[in-house]
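Please read these numbers as outputs of a predicted model, since none were measured by experiment. In this chain, residues are counted from 1 in sequence order.
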Amino acid sequence: MDIMMLILAILAGALFPIQGSVNGLLRGEVGNPFVSGAISNTIGMLIMLILAYLTRQQMPISAPETTSQNWYMWLGGLISALVVSANIIIPPYIGFSTFLSIYMVSQLVISVLIDHYALFGAVHHPASFNTVIGIVFLGMGIYFIVYRNA
């Protein structure tokens, strides 16, 4: 396994709660979670466009034409808006550790399903017994995080 990809995955995971925290601060300043999410996504879009330019990727002048029948490939922006909104709105009510533990386990469950059934064009990676047991244990960990003061 490529060590650089593992390091980048750890970094991405570590940045997620920071993103929620700073977006929450922005929410407090602008007074609306959806405005702060829009600002965050606009900045992200600009950075992605700059990266595309710097890496010499072709920049479409008009909407790209596709021949794919995979209509769901256009849902990334919608999903991003929902995830960013959830990351801004939910943690103040249930706490970051509760939110992120539920978020991570749900990510893993869906990721295993995507891998196992090769959904959305993914490469097939069958789920193993150990993977399922690992997710069950992580799910049990949510209980201890949610009810840590019980």
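- When hydrophobic side chains of Ile, Leu, Val, Met, Phe, Trp and Tyr are connected at separations under 4.5 Å, I88 ends up clustered with V84.
- Legend: residues meeting side-chain contact (heavy atoms from CB on, under 4.5 Å) with T98, ordered by chain and number and at least two apart, are I94, I102, I145, V146, R148.
- The cluster map of Ile, Leu, Val, Met, Phe, Trp and Tyr, joined by side-chain heavy atoms under 4.5 Å apart, puts L75 and F120 in the same cluster.
- Hydrophobic cluster of L25: no remaining members, since no ILVMFWY side chain lies below 4.5 Å from it.
- Nearest heavy-atom pair, L100 versus P17, reported as atom, atom and distance to 0.1 Å: CD1-CB, 3.2 Å.
- Ring pair H124/H116 is tilted by interplanar angle, where 30° to 60° counts as tilted.
- In terms of hydrophobic clustering, with Ile, Leu, Val, Met, Phe, Trp and Tyr side chains grouped at heavy-atom distances under 4.5 Å, F137 and Y147 are assigned to different clusters.
- Linking ILVMFWY residues whenever their side-chain heavy atoms come closer than 4.5 Å, directly or via other members, places L78 and Y103 in the same cluster.
- Cluster annotation: F129 is not connected to V112 through the hydrophobic network of ILVMFWY side chains, with a link wherever side-chain heavy atoms come within less than 4.5 Å.
- Every side-chain hydrogen bond (donor to acceptor under 3.5 Å, both in side chains) that N41 has, sequence neighbours left out, goes to S80.
- Cluster membership for L26 and I43, using ILVMFWY side-chain heavy atoms within less than 4.5 angstrom, is shared.
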* To do: Could you check M45 against L49 for side-chain contact (heavy atoms from CB on, under 4.5 Å), going step by step and ending with a plain yes or no?
  => CA-CA 6 Å; M45 178 196 66; L49 288 171; 4.2 Å; yes
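- Applying the ring-ring contact (aromatic ring centres under 6.0 Å, His included) rule to pairs touching residues 27-51 yields nothing, sequence neighbours excluded.
- Checked against ring-ring contact (aromatic ring centres under 6.0 Å, His included), Y93 has no partners two or more places apart in sequence or in another chain.
- For S106, there are no side-chain contact (heavy atoms from CB on, under 4.5 Å) partners two or more places apart in sequence or in a different chain.
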* **Test log, rule side-chain contact (heavy atoms from CB on, under 4.5 Å), inputs I135 and V132** => CA-CA 5 Å; I135 291 173; V132 173; 5.9 Å; no
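- Between P33 and I89, the closest heavy-atom pair is CB-CG1, 3.6 Å.
- A side-chain hydrogen bond (donor to acceptor under 3.5 Å, both in side chains) check over residues 127-140, counting only residues at least two apart or in different chains, returns the pairs S128-T131.
- Here the shortest heavy-atom pairing between L113 and L119 reads O-CD1, 3.9 Å.
- Atom CG of L11 is separated from atom CG of L15 by 4.5 Å, given to the nearest 0.5 angstrom.
- Looking at residues two or more places apart in sequence or on another chain, you find no ring-ring contact (aromatic ring centres under 6.0 Å, His included) involving Y117.
- Between the CG atom of N23 and the CD1 atom of I18 there is a distance of 12.0 Å, given to the nearest 0.5 Å.
- Formation of a donor-acceptor pair under 3.5 Å by the S40 side chain with backbone atoms of S36 is not found in this model.
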* With side-chain contact (heavy atoms from CB on, under 4.5 Å) as the test, would you mind laying out the steps for M140 and Y143 before giving the verdict? => CA-CA 5 Å; M140 290 168 43; Y143 174 83; 5.7 Å; no
* Asked: Where do N87 and Q19 land on the side-chain contact (heavy atoms from CB on, under 4.5 Å) test, with the steps shown first?
  -> CA-CA 8 Å; N87 198 15; Q19 178 192 29; 3.7 Å; yes
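- With sequence neighbours excluded, the residues satisfying side-chain contact (heavy atoms from CB on, under 4.5 Å) with S21 are F96.
- For the atom pair CG of N32 and CZ of R27, the computed distance is 8.0 Å after rounding to the nearest 0.5 Å.
- Residues passing the side-chain contact (heavy atoms from CB on, under 4.5 Å) test with S111: none are found, sequence neighbours excluded.
- Taking every heavy atom of both residues into account, A86 and P91 meet most closely at O-CD, 3.4 Å.
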